[in-house]
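Worksheet: one structure, shown below.
Throughout, a chain's letter reflects where its sequence line sits, starting with A, and its residues are numbered from 1.
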Amino acid sequence: MIDPRILRTAPERLRESQLRRGLPEGTVIELEKLDAEHREALHKYEELRSQQKRLSKDIGKLKGRIKKSGSKERPVLEQESESLLASAGELAEAVKVAEQRADRLGAEVEDAWLTIDNLVDPQAPVGDEDAFRVITEVGTPRDFGAEGFTPLDHLQLGEAIGAIDVERAAKVSGSRFYYLVGDGALLELALLNLAMNLAHKNGLRPVLPPALVKPAAMAGTGFLGQAAENVYHLADDDMYLVGTAEVPLASMHADEILDRSALPLRYVGYSPCFRREAGSHGKDTRGIIRVHQFDKVEMFTFCEPEEAEREHSKLLGWEREFMDRLELPYRVIDVATGDLGASAARKFDIEAWIPTQGRYREVTSTSNCTTFQSRRLAIRYRDEEGRVAPVATLNGTLVAMPRVIVALLENHQTADGRVAIPKALRPFLSDRAYLTPLQQQ
RNA sequence: GGUGAGGUGCCCGAGCGGCCUAAGGGAACGGUCUUGAAAACCGUCGAGGUUCAUAGCCUCCGUGGGUUCAAAUCCCACCCUCACCGCCA
């Protein structure tokens with residue numbers, strides 16, 4: 001949710017932002033109309049309600065006097081009370097009608113706000129998915145031709161090493177599932193340990209959050225908009241499986257007023273992530289690039305809005321630090337406005353080089369959600385003047401397990417089918433230098 | 001799943017359906033006093049909405065409905081917490 005004052009003072013900013021995202025501006029115009037109507041109805045209701053309360057209070061006082069009255073004045077007071085009650089009855093009816101109208105319009109305004117995405121950062125490149133801007137490229141993709149062999153893809157490698165089993169996962173759970181087995185399982189745990197150690201060293205507080213949440217958490221983080229079709233919903237319980245730890249981490253401080261001295265508040269969560277992948281049939285069907293369930297280490301920050309941009313750089317820096325430790329070639333892109341999530345004002349993706357695809361693929365992503373999520377979730381803080389104001393929220397991936405495993409296997413493979421383990425991971429893998437195919441063991 | 005108790009403002013805690021729509025205490029903040037501090041005393045002290053307004057007014061006493069001229073207070077449903085029992089990772 002965006003500051004409603006902007007709708008009233010500068011609605012063109014909302015329209016402009018929607019257009020940059022490639023969304024219709026009509027919803028904003030609709031919202032303006034509804035908002036005005038709602039406020040008018042609210043005024044009417046409040047005016048009537050105020051009258052009613054005054055009248056009710058008078059009746060209360062009168063009843064009190066009747067109790068204490070003598071037999072002489074009692075009949076007079078009772079008659080007065082009768083007439084007051086009669087007019088109060090009429091007022092009550094009018095109040096009810098006015099309240100219902102105001103409530104209805106209020107709900108409509110709220111619904112209309114849900115169709116408006118966060119204001120995009122003016123620095124974000126404008127356009128659709130392909131309009132991203134490359135910020136930097138790090139490392140050099142290997143030239144397998146020069147090395148004299150054709151690289152295997154991650155699934156071939158993973159199966160040879162006995163690390164990945166998608167066939168049995170298909171038997172048990174269907175397509176887009178996988179088992180990590182043996183060194184595969186150990187590899188995830190090693191990545192987890194490295195990520196958590198780095199994050200903890202950088203001052204983030206580790207969290208193992210719930211992965212099943214109530215509708216408010218899902219809606220508050222902005223995943224029940226266009227993204228809703230990709231969310232698993234348990235109808236019997238009206239609960240959602242989270243697609244990222246961002247959801248429980250953001251919601252952790254819902255309805256709270258944070259102490260300014262506690263900001264920035266930084267967490268790093270590890271959780272399973274569930275995604276329906278609706279609308280991506282036929283995309284990335286091989287291997288574990290696109291799956292329905294995976295584990296992810298996610299960073300999350302609550303900070304003062306003025307600090308958000310700087311914090312965003314920090315998160316990106318920590319993501320890059322992690323990628324550097326894995327010795328993977330990657331690039332950083334400034335994601336285009338048309339490809340931003342509903343909550344994000346600006347987003348940077350890190351894309352790792354995938355040799356068998358000959359291109360960069362997204363492995364991490366960090367978003368500045370400014371005050372969009374915090375308004376919906378009522379996460380506030382007391383600013384310098386002691387006023388209550390929404391905080392800014394930001395999130396960033398440290399490791400999305402399957403994709404990082406894909407990148408590691410493919411980039412670090414050797415001509416004889418082994419996979420070199422980056423130095424940073426070795427302490428967590430019995431100090432081994434290679435993952436070895438089962439046949440060579 | 002069963003039984004019992006309970007959910008009130010930052011915390012504790014009172015609240016015969018009206019006659020102050022939240023008493024009282026603590027914490028916090030400001031001040032007086034003090035060399036400084038503590039104590040004592042005085043004052044301030046929830047959030048949201050509307051509004052130019054930190055003036056007024058409206059809303060919020062777990063959530064959602066209902067009864068009433070009027071509801072924290074009555075009725076219904078649900079949620080959560082605690083204790084014990086049963087089952088279980």
Side-chain angles (χ1 to χ4, degrees), chain A residues 1-10 31-32 34-70 73-74 77-113 208 210-220 234-240 248 251-262 272 371 374-391:
Chain A
M1 165 124 199
I2 300 163
D3 187 346
R5 274 170 302 189
I6 293 176
L7 177 72
R8 291 161 204 165
T9 57
L31 177 59
E32 279 183 76
L34 269 175
D35 183 62
E37 254 181 274
H38 171 236
R39 281 189 295 162
E40 178 261 334
L42 201 59
H43 279 133
K44 237 175 221 163
Y45 158 67
E46 289 187 351
E47 170 59 29
L48 284 170
R49 175 68 177 151
S50 181
Q51 281 179 34
Q52 185 193 31
K53 285 178 71 168
R54 240 174 292 145
L55 195 50
S56 258
K57 231 178 243 185
D58 289 344
I59 293 173
K61 279 182 196 158
L62 202 54
K63 295 267 181 196
R65 274 168 62 201
I66 289 174
K67 259 181 210 163
K68 282 178 253 164
S69 64
E73 45 185 354
R74 178 161 292 189
L77 292 174
E78 273 176 349
Q79 201 177 5
E80 194 179 334
S81 145
E82 282 306 311
S83 79
L84 279 185
L85 277 176
S87 49
E90 284 169 39
L91 240 188
E93 195 50 43
V95 167
K96 205 173 187 180
V97 170
E99 183 179 22
Q100 275 168 2
R101 176 171 142 81
D103 282 354
R104 200 195 71 231
L105 284 165
E108 281 176 29
V109 167
E110 214 169 292
D111 285 349
W113 267 115
L208 297 175
L212 205 50
V213 300
K214 296 196 270 191
M218 221 59 197
L234 305 187
D236 284 348
D237 304 280
D238 197 17
M239 298 278 280
Y240 292 89
S251 306
M252 197 156 78
H253 289 294
D255 300 314
E256 291 183 24
I257 297 176
L258 303 171
D259 204 14
R260 197 168 86 93
S261 63
T371 58
S374 64
R375 278 179 206 282
R376 289 186 177 191
L377 290 168
I379 308 167
R380 296 151 297 169
Y381 78 110
R382 237 172 258 286
D383 68 16
E384 276 169 297
E385 284 106 67
R387 292 186 184 200
V388 176
V391 300

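A heavy atom closer than 4.0 Å to some atom of RNA chain B occurs in A:Arg39, A:Leu42, A:His43, these being the qualifying members of residues 35-44 of chain A.
Note that OG1 of A:Thr371 and CG of A:Leu377 are 12.0 Å apart. Values are rounded to the nearest 0.5 Å. In this structure, CZ on A:Arg39 lies 10.0 Å from CG on A:Leu42, to the nearest 0.5 angstrom.
B:rA28 and B:rC12: their C1' atoms are spaced 15 Å apart (whole Å). Comparing B:rA71 with B:rG17, their P atoms sit 14 Å apart, to the nearest whole Å. Comparing the P positions of B:rC74 and B:rA37 gives a spacing of 49 Å, expressed to the nearest Å. For the P atoms, the distance linking B:rG48 with B:rC11 amounts to 16 Å, nearest Å. Between the C1' atoms of B:rG4 and B:rU59, the separation comes to 35 Å (whole Å). Taking atom P in both B:rG26 and B:rC58, the straight-line distance is 31 Å, to the nearest Å. The gap from the C1' atom of B:rC75 to that of B:rU67 amounts to 7 Å, rounded to the nearest Å. Between the P atoms of B:rC85 and B:rA47, the separation comes to 43 Å (whole Å).
Comparing A:Gln51 and A:Pro4 along RNA chain B, the residue whose closest nucleotide (by nearest heavy atom) sits nearer the 5' end is A:Pro4.
A donor-acceptor pair is defined here as one N or O able to donate and one able to accept, closer than 3.5 Å; such a pair exists between the side chain of A:Arg376 and the backbone of A:Ala219. Side-chain atoms of A:Ser374 never come within 3.5 Å of backbone atoms of A:Pro390 as a donor-acceptor pair (strictly under, hydrogens ignored).
Under the 4.5 Å side-chain criterion, counting only non-hydrogen atoms from C-beta, A:Leu48 is in contact with A:Leu91.
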| field | Protein-to-nucleotide contact annotation, 5' to 3' order, nucleotides 60-70 of chain B [B base; S sugar-phosphate only; - none; under 4.0 Å, heavy atom] | value | ---------BS
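If you measure from atom CD1 of A:Ile379 to atom P of B:rA47, you get 17 Å, rounded to the nearest angstrom. Note: CG (A:Leu258) to P (B:rC10) measures 14 Å, nearest angstrom. Nucleotide B:rC11 holds its P atom 11 Å from the CD1 atom of A:Ile257, rounded to whole Å. Across the protein-nucleic acid pair, A:Asp383 atom CG and B:rU54 atom C1' stand 13 Å apart, rounded to whole Å. Between A:Asp238 atom CG and B:rA77 atom C1' the separation is 16 Å, expressed in whole Å. In this structure, A:Tyr45 atom OH and B:rG49 atom C1' are separated by 11 Å, rounded to whole Å. Residue A:Arg5 contributes atom CZ, which lies 13 Å from atom C1' of B:rA53 at whole-angstrom precision. Summarising the geometry, the separation between CG on A:Leu48 and C1' on B:rU50 is reported as 15 Å, rounded to the nearest angstrom.
The side chain of A:Ser50 contributes an N or O atom lying less than 4.0 Å from OP1 or OP2 of B:rC58. Contact annotation: A:Arg54 side-chain N/O to B:rC57 OP1/OP2 distance is not under 4.0 Å. Residue A:Lys214 places no side-chain N or O under 4.0 Å from the OP1 or OP2 atom of B:rC80. Distances shown here put a side-chain N or O of A:Arg8 below 4.0 Å from the OP1 or OP2 atom of B:rU50.
Using modelled atom types and a 3.5 Å distance limit, the side chains of A:Arg49 and A:Gln52 yield a donor-acceptor pair.
Within 4.0 Å (heavy atoms only), A:Arg375 reaches no atom of the nucleic acid at all.
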| field | Verdict with supporting geometry, A:Glu108 and A:Leu105, side-chain contact (heavy atoms from CB on, under 4.5 Å) | value | CA-CA 5 Å; A:Glu108 281 176 29; A:Leu105 284 165; 4.1 Å; yes
| task | Could you walk me through whether A:Tyr381 and A:Asp259 pass side-chain contact (heavy atoms from CB on, under 4.5 Å), step by step? | result | CA-CA 6 Å; A:Tyr381 78 110; A:Asp259 204 14; over 6 Å; no
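With a 6.0 Å radius and a threshold of 12 heavy atoms from other residues, nucleotides or ligands, A:Glu110 has its CD atom at or below the threshold.
For B:rC88, there is no paired base (Watson-Crick or G-U wobble, both distances below 3.5 Å). A 3.5 Å limit on both hydrogen-bonding distances identifies B:rG66 as the Watson-Crick or G-U partner of B:rC74. Within the shown strands, B:rG31 is the pairing partner of B:rC41 under the Watson-Crick or G-U definition, both distances less than 3.5 Å.
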